[in-house]
Amino acid sequence: MASLQPARGTHDLLPDDFRRHSRVIDIARETAGLYGFAQIATPIFEFTEVFQRTLGDTSDIVTKEMYTFIDKGGEQVTLRPEGTAGVARALISNGLSQHLPLKYFYAGPMFRYERPQKGRLRQFHQIGVELLGVPGPQADIEVLATGQQILEALGIWRHTRLELNTLGDPESRDAYRAVLVEYFQDHLDTLSKDSQERLHRNPLRILDSKDEGDRTLVAGAPAFGAYLNQHSQDFFGRVTEGLTALGIPYTHNPRLVRGLDYYTHTAFEFVTEALGAQGTVMAGGRYDGLVGMMGGPETPGIGWAAGIERLAMLLTEVPQAPRPIAVIPVGSAEEAAAMRLAQRLRKAGYPVELGYGGNVGKRMKRANKLNARAALLLGEAELAREIATVRDLDSGEQVEIPLSQLEDRLSIFR
RNA sequence: GCGGGCUUAGCUCAGCUGGUUAGAGCGCACGGUUGUGGUCCGUGAGGUCACGGGUUCAAACCCCGUAGCUCGCCCCA
């Protein structure tokens, strides 16, 4: 057993995995591009305050999951645990409020110090979109539609369902929270231990509890709907109408709550049954207060993030490595000619593998292992006649092709 | 941070109530084939039995600790 292990919760992406990741990112970028989202990249670490102030002092991310350290200049920095705070900071840093609305797409690693599980890592990767500067529900609808189309394009939409809820505006949420706390306060003794803790930190979270006792208690709890003010009700109504108009099915889950402080109004999760306890594959919501909270101009925003590892696990159609053409010199006298020919074909756009030694048999074996589509043999006889022996490695058929015609005639192997 | 299961070859796994040189399949290397892969046949390499300690005449096997993996909780993508 190897003694050199990667750090806990991290792992190497070898070519098979990397191709899956690339496929997720490529399709997401392309699809988001159809909606006008442009890719950006923000730093992988930020000053700690960027996350601390925005995520809320009581969230688990801040209290136990951040990779924080002091750099050599004495600055306290944190490896980013999520993408939105950095994008909001970038908006302020770059004075981008002048150019609203803005639509950004990003992809990259995130870091959370957690106990690893299936679909949960300490260094993981997310894609995400953020739409800034649009206060109306058109933005919510568009952001949700972007996510849905990406899942569809990846071929995993059919394993997924959209759960939707509203957290209302701050006024509605504060009113509801007060009522909720009062209700659970009266049943404190029947509340699970976890939820007693939640009552102080994030009472809305109790709605989401998996504890059976909590669930029966929750069933009797006052409903959020009654405490939503007119504006919040209208807003949510327009979002759901928009989804219906676009033919995007959703489930209204009144117990769906987001963990981070900055969410308002729309909250949603695309979930699957296929990944065990980590069923959330893409999640987000509206964060109208975030940019203002960070010290920038009040700017509405909405977005989502999705875990690339989780999406990659759901891909049924696995991207294959390209099938090369193997150019094989029969003897050492043909090495140079083979190398020149390989280069010529690569410049014409063919993936070409040139063996690294050995006799023809060994090189053929290697070509086969690389899943080569065809083998092109160059020997003394071939060079004298200015042809190549071309073997179709799927059918075993072999033909001779004049060297000058290779670019054209190899096209059947693309 | 909490609880359960697991860890034997590159991979997937056998290994009896503790007993002598720890096995298989796949993969890998070489050969059968000095100009032809895949299939087949033969030969071979590869193991501090996760790590550290303990019990025992004797430990892959029993006990304790540590690490990693895994499933769930918390939380989250």
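Keep in mind it's a predicted model, so treat the numbers as computed, not measured. Below, chains carry the letters A, B, ... as their sequence lines are ordered, and counting in each starts from 1. These values consider heavy atoms only, across backbone and side chains, with no hydrogens, waters or symmetry-generated copies.
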(message) Check this for me, if you would: do A:Arg20 and A:Asp17 make a salt bridge, where the nitrogen-to-carboxylate-oxygen distance has to be below 4.0 angstrom?
(response) no
(request) Among the candidates B:G72, B:A77, B:G68, find the nucleotide nearest to the side-chain atoms of A:Gln117. (result) B:G72
(message) Distance to the ring centre below 6.0 angstrom and angle to the axis at most 45 degrees; does that hold for A:Arg323 and A:Phe413?
(response) no
(request) Mind calculating the distance between CZ (A:Arg120) and P (B:C69) to the nearest angstrom? (result) 14 Å
(request) Would you indicate what A:Gly128 reaches in the nucleic acid, counting non-hydrogen atoms under 4.0 angstrom: base, sugar-phosphate, or nothing? (result) nothing
(message) Check A:Glu142 with A:Lys103, please: is the shortest side-chain N to carboxylate O separation under 4.0 Å?
(response) yes
(message) Could you tell me how far B:C69 sits from B:G25 if I compare only their P atoms? Round to whole Å.
(response) 31 Å
(request) Please measure how far the C1' atom in B:U66 lies from the corresponding atom in B:A29, and state the result in whole Å. (result) 38 Å
(request) Any chance you could measure A:Trp304, atom CH2, to A:Thr146, atom OG1, to the nearest 0.5 Å? (result) 7.5 Å
Quick one: side chains of residues 174-187 of chain A, donor-acceptor pairs under 3.5 Å with protein atoms, not counting sequence neighbours, listed by atom name and distance.
unit_1	atom_1	unit_2	atom_2	d
A:Tyr176	OH	A:Pro222	O	2.9
A:Tyr183	OH	A:Leu217	O	2.7
A:His187	ND1	A:Tyr183	O	2.9

(request) Note every stem involving RNA chain B: at least three consecutive Watson-Crick or G-U wobble pairs, i with j then i+1 with j-1, with both distances under 3.5 Å. (result) B:1-7 with B:67-73, B:10-13 with B:23-26, B:28-32 with B:40-44, B:50-54 with B:62-66
(message) Please give me every residue in residues 402-414 of chain A whose heavy atoms get under 4.0 Å of an atom in RNA chain B, ordered by residue number.
(response) none
(message) Counting primed atoms plus P, OP1 and OP2 as sugar-phosphate and everything else as base, spell out the protein contacts along nucleotides 30-40 of chain B at 4.0 Å heavy-atom distance: B, S or - for each nucleotide, 5' to 3'.
(response) S----BBBB--
(message) So which atom in A:Phe268 and which in A:Leu256 form the shortest heavy-atom distance, rounded to 0.1 Å?
(response) N-CD2, 4.1 Å
(request) Could you tell me how the ring of A:Phe45 sits relative to the ring of A:Phe69: parallel (under 30°), tilted (30 to 60°) or perpendicular (over 60°)? (result) tilted
(request) Starting from the C-alpha separation in whole Å, work towards a yes-or-no answer on side chain to side chain contact (heavy atoms under 4.5 Å, CB included) for A:Phe224 and A:Leu207. (result) CA-CA 10 Å; A:Phe224 203 163; A:Leu207 300 175; 5.7 Å; no
(request) Using only side-chain N and O atoms of A:Arg115, determine if any of them is under 4.0 Å from OP1 or OP2 of B:C69. (result) no
(message) I'd like to check the side-chain hydrogen bond (donor to acceptor under 3.5 Å, both in side chains) partners of A:Thr160; sequence neighbours left out, ordered by chain and number.
(response) none
(message) Using the rule side chain to side chain contact (heavy atoms under 4.5 Å, CB included), only one of A:Val327, A:Ile328, A:Leu383 pairs with A:Glu334; which is it?
(response) A:Leu383
(request) Could you tell me which residues satisfy salt bridge (Lys or Arg N to Asp or Glu O under 4.0 Å) with A:Arg161, sequence neighbours excluded, listed by chain and number? (result) A:Glu163, A:Glu273
(message) Can you check the distance between B:C41 and B:G23, where both ends of the measurement are the C1' atom (answer in whole Å)?
(response) 22 Å
(request) Scan A:Gly9 against the nucleic acid and name what it touches under 4.0 Å (heavy atoms): base, sugar-phosphate only, or nothing. (result) sugar-phosphate
(request) Using the C1' atom as the reference point in each nucleotide, state the distance between B:U48 and B:A9 in Å, no decimals. (result) 13 Å
(request) Mind calculating the distance between CG (A:Leu370) and C1' (B:G27) to the nearest angstrom? (result) 16 Å
(request) Have a look at A:Leu121 and say if it touches a base, only the backbone sugar-phosphate, or nothing, with a 4.0 Å heavy-atom cut-off. (result) base
(message) Work out how far the P atom of B:G15 is from that of B:G53, and round it to whole angstrom.
(response) 28 Å
(request) Would you mind telling me which residue lines up with the more 5' stretch of RNA chain B, A:Ala305 or A:Ala7, judged by nearest nucleotide? (result) A:Ala7
(request) Please report, rounded to the nearest Å, how far the P atom of B:A77 is from the CG atom of A:Leu79. (result) 17 Å
(request) Report the distance from atom CD1 of A:Ile206 to atom P of B:C73, rounded to the nearest whole Å. (result) 18 Å
(message) Could you tell me how far apart A:Glu65 (CD) and B:C2 (C1') are, to the nearest whole angstrom?
(response) 15 Å
(message) For the C1' atoms, the ones on B:U33 and on B:G46, what distance do you get once it is rounded to whole angstrom?
(response) 27 Å
(message) From NE2 of A:His125 over to P of B:A77, roughly how many Å is that when rounded to an integer?
(response) 16 Å
(message) Measure CZ/A:Arg198 against P/B:G1 and give the value in whole Å, please.
(response) 20 Å
(request) Please report, rounded to the nearest Å, how far the P atom of B:C74 is from the CZ atom of A:Arg112. (result) 16 Å
(message) Applying the side chain to side chain donor-acceptor pair (under 3.5 Å) criterion to A:Thr389, which one of A:Gln398, A:Glu400, A:Glu382 satisfies it?
(response) A:Glu382
(request) Pick the P atom in B:A14 and in B:A24, then give their distance to the nearest Å. (result) 16 Å
(message) Using the rule given for side chain to side chain donor-acceptor pair (under 3.5 Å), can you reason through A:Ser411 versus A:Arg414, listing the C-alpha separation, both sets of side-chain angles and the distance that settles it, and then say yes or no?
(response) CA-CA 5 Å; A:Ser411 64; A:Arg414 279 201 195 272; 5.9 Å; no
(request) For nucleotides B:C57 and B:G44, find the distance between their C1' atoms and express it as a whole number of Å. (result) 37 Å
(request) For A:Arg310 and for A:Lys118, find the nucleotide of RNA chain B with the closest heavy atom, then tell me which residue's nucleotide is more 5'. (result) A:Lys118
(request) Would you classify A:Glu269 as touching base, sugar-phosphate or nothing, given that sugar-phosphate means primed atoms plus P, OP1 and OP2, and contacts are heavy atoms under 4.0 Å? (result) nothing
